[in-house]
Amino acid sequence: VDRFRYSTRGGMPALETGSRVDVYLFFSFDLVGSSRLKAQKFDRFHWVELFQYFHSECRRLIAGRGVENAVVWKYLGDEVLFYQRIGSAYQVEHTIRAIDRTLAALTQELAGRAKYAAAAEFISIRAMAWVAPVLSFAEAVSDKMTALVTELEKVGLLPDDQMIHDRENNILDFLGPNIDTGFQIAASARPEHITISPALAEFLRGSERPVLDAIIEAGN
């Protein structure tokens with residue numbers, strides 16, 4: 001498993017060259033009411049087939065709206081989660097607009113597709129999005145990124161959120177308090193709406209984000 005390379009200097013763990021920090025946008029699409037759906041019997045489909053259709057349409061519609069570098073992070077039953085490494089502030093704005101349009105298209109397709117129309121009265125779709133700086137490791141790291149990581153470490157601003165890459169089992173995961181934001185905002189997320197985290201709202205407003213801007217600049 002690739003975690004992080006540490007050396008000990010003065011009794012404190014110090015990051016060696018190879019560590020990097022990137023800003024990631026995380027977002028998900030979720031079927032609301034799927035428990036009710038699974039309790040029903042439909043003539044034209046089984047609920048598993050509908051879930052598979054939902055997953056594939058989320059992927060297709062997001063890619064079709066110019067978000068080609070968004071990657072499926074994981075499936076959690078009736079929810080599909082994506083991650084996207086951010087290279088500019090505009091990229092975040094573009095993806096949020098794409099998520100909003102995809103949500104509208106998914107809702108329209110669910111009601112309008114004859115095969116699954118009977119499911120529309122039992123379920124709805126919602127979307128969530130959040131942003132986080134993530135600490136990871138790469139074989140080749142630019143001098144600019146190395147200098148930034150050193151400075152962030154010096155002032156105590158290295159993120160607690162980390163990327164874990166299990167190459168043996170081909171598993172990529174993200175762990176940390178800001179990664180969990182998506183599961184926290186789910187409590188207030190509404191059907192047929194996109195709900196974003198407070199940190200993402202601040203990012204989109206362009207305020208109070210010098211560290212995130214520095215990370216994005218160093219990552220390019």
First locate atom CH2 of Trp47, then atom CD of Gln52, and finally report the distance between them rounded to the nearest 0.5 Å. 9.5 Å
Using side-chain contact (heavy atoms from CB on, under 4.5 Å) as the criterion, point out the one residue from Thr150, Leu148, Val149 that pairs with Leu152. Leu148
Using the rule given for side chain to side chain contact (heavy atoms under 4.5 Å, CB included), can you reason through Leu50 versus Ile123, listing the C-alpha separation, both sets of side-chain angles and the distance that settles it, and then say yes or no? CA-CA 11 Å; Leu50 175 60; Ile123 56 175; 3.8 Å; yes
So do the side chains of Val92 and Leu200 get within less than 4.5 Å of each other, counting heavy atoms only? yes
If you take all heavy atoms of Tyr24 and Ile86, which pair is closest and at what distance? C-CG1, 4.3 Å
Applying side-chain contact (heavy atoms from CB on, under 4.5 Å), can you list everything that pairs with Ile171, at least two apart in sequence or on another chain? Asp166, Asn169
Would Ser124 and Glu192 count as a side-chain hydrogen bond (donor to acceptor under 3.5 Å, both in side chains) here? Give the steps. CA-CA 7 Å; Ser124 56; Glu192 301 180 14; 5.5 Å; no
Which pairs count as salt bridge (charged side-chain N to carboxylate O under 4.0 Å, His left out) when at least one residue sits in residues 120-132, sequence neighbours excluded? Asp30-Arg126
Taking salt bridge (charged side-chain N to carboxylate O under 4.0 Å, His left out) as the definition, give me every residue that meets it alongside Lys38, ordered by chain and number, with sequence neighbours left out. none
Decide yes or no on side chain to side chain contact (heavy atoms under 4.5 Å, CB included) for Glu109 and Tyr116, but give the supporting numbers first. CA-CA 9 Å; Glu109 281 190 21; Tyr116 300 118; over 6 Å; no
Residues that Glu93 engages under side-chain contact (heavy atoms from CB on, under 4.5 Å), provided they are two or more places apart: Tyr90, Arg97, Leu204
Ala129 and Ile99 have their tightest heavy-atom pair at CB-CD1, 4.4 Å
Minimum side-chain heavy-atom gap Val134-Ile179 below 4.5 Å: yes
How about Asp143: does its CG atom have over 12 heavy atoms from other parts shown lying under 6.0 Å from it? no
Is any side-chain heavy atom of Phe51 closer than 4.5 Å to one of Leu37? yes
Nearest 0.5 angstrom please: Tyr83 OH to Lys74 NZ, how far? 11.5 Å
Would you mind reporting whether Phe174 and Phe26 have side-chain heavy atoms less than 4.5 Å apart? yes
Pairwise distance OG1(Thr107) to NE2(His193) - rounded to 0.5 angstrom: 10.5 Å
Which distance, rounded to the nearest 0.5 Å, do you find between the CD1 of Ile96 and the CD1 of Ile194? 4.5 Å
In one Ile/Leu/Val/Met/Phe/Trp/Tyr side-chain cluster, 4.5 Å: Val32, Met128: no
Qualifying salt bridge (charged side-chain N to carboxylate O under 4.0 Å, His left out) pairs with a residue from residues 211-220, counting only residues at least two apart or across chains: Lys144-Glu217, Arg209-Asp213
Less than 4.0 Å between a side-chain N and a carboxylate O, is that true for Glu57 and Arg113? no
Correct closest heavy-atom pair for Ser197 and Thr181 would be CB-CG2, 3.6 Å
Return yes if some donor-acceptor pair links the side-chain N/O of Asn220 with the main-chain N/O of Gly87 below 3.5 Å, else return no. yes
Taking C-beta and beyond as the side chain, do Trp73 and Asp173 meet within less than 4.5 Å on heavy atoms? yes
Do Leu25 and Gln91 touch side chain to side chain, with heavy atoms closer than 4.5 Å? no
Would you give the length of the straight line joining atom CG of Leu175 to atom CG of Asp161, rounded to the nearest 0.5 angstrom? 9.0 Å
Residues in side-chain contact (heavy atoms from CB on, under 4.5 Å) with Gln40, at least two apart? Phe42, Phe122
Student check: side-chain heavy atoms of Trp130 and Asn178 closer than 4.5 Å: no
Please find the pair of heavy atoms, one from Asp22 and one from Arg85, that lie closest to each other, and give the distance. OD1-NH1, 3.2 Å
A side-chain contact here means heavy atoms from C-beta on lying under 4.5 Å apart; do Leu106 and Cys58 qualify? yes
Ile62 and Phe27: which non-hydrogen atoms are nearest, and at how many Å? CD1-CE1, 3.9 Å
What is the minimum heavy-atom distance between Val21 and Pro159, and which atoms define it? CG1-CG, 3.9 Å
Can you list the steps and then say if Leu172 with Met163 is a side chain to side chain contact (heavy atoms under 4.5 Å, CB included)? CA-CA 7 Å; Leu172 184 70; Met163 176 195 290; 3.4 Å; yes
When you look at CG of Asp180, are more than 12 heavy atoms from neighbouring residues, nucleotides or ligands closer to it than 6.0 Å? yes
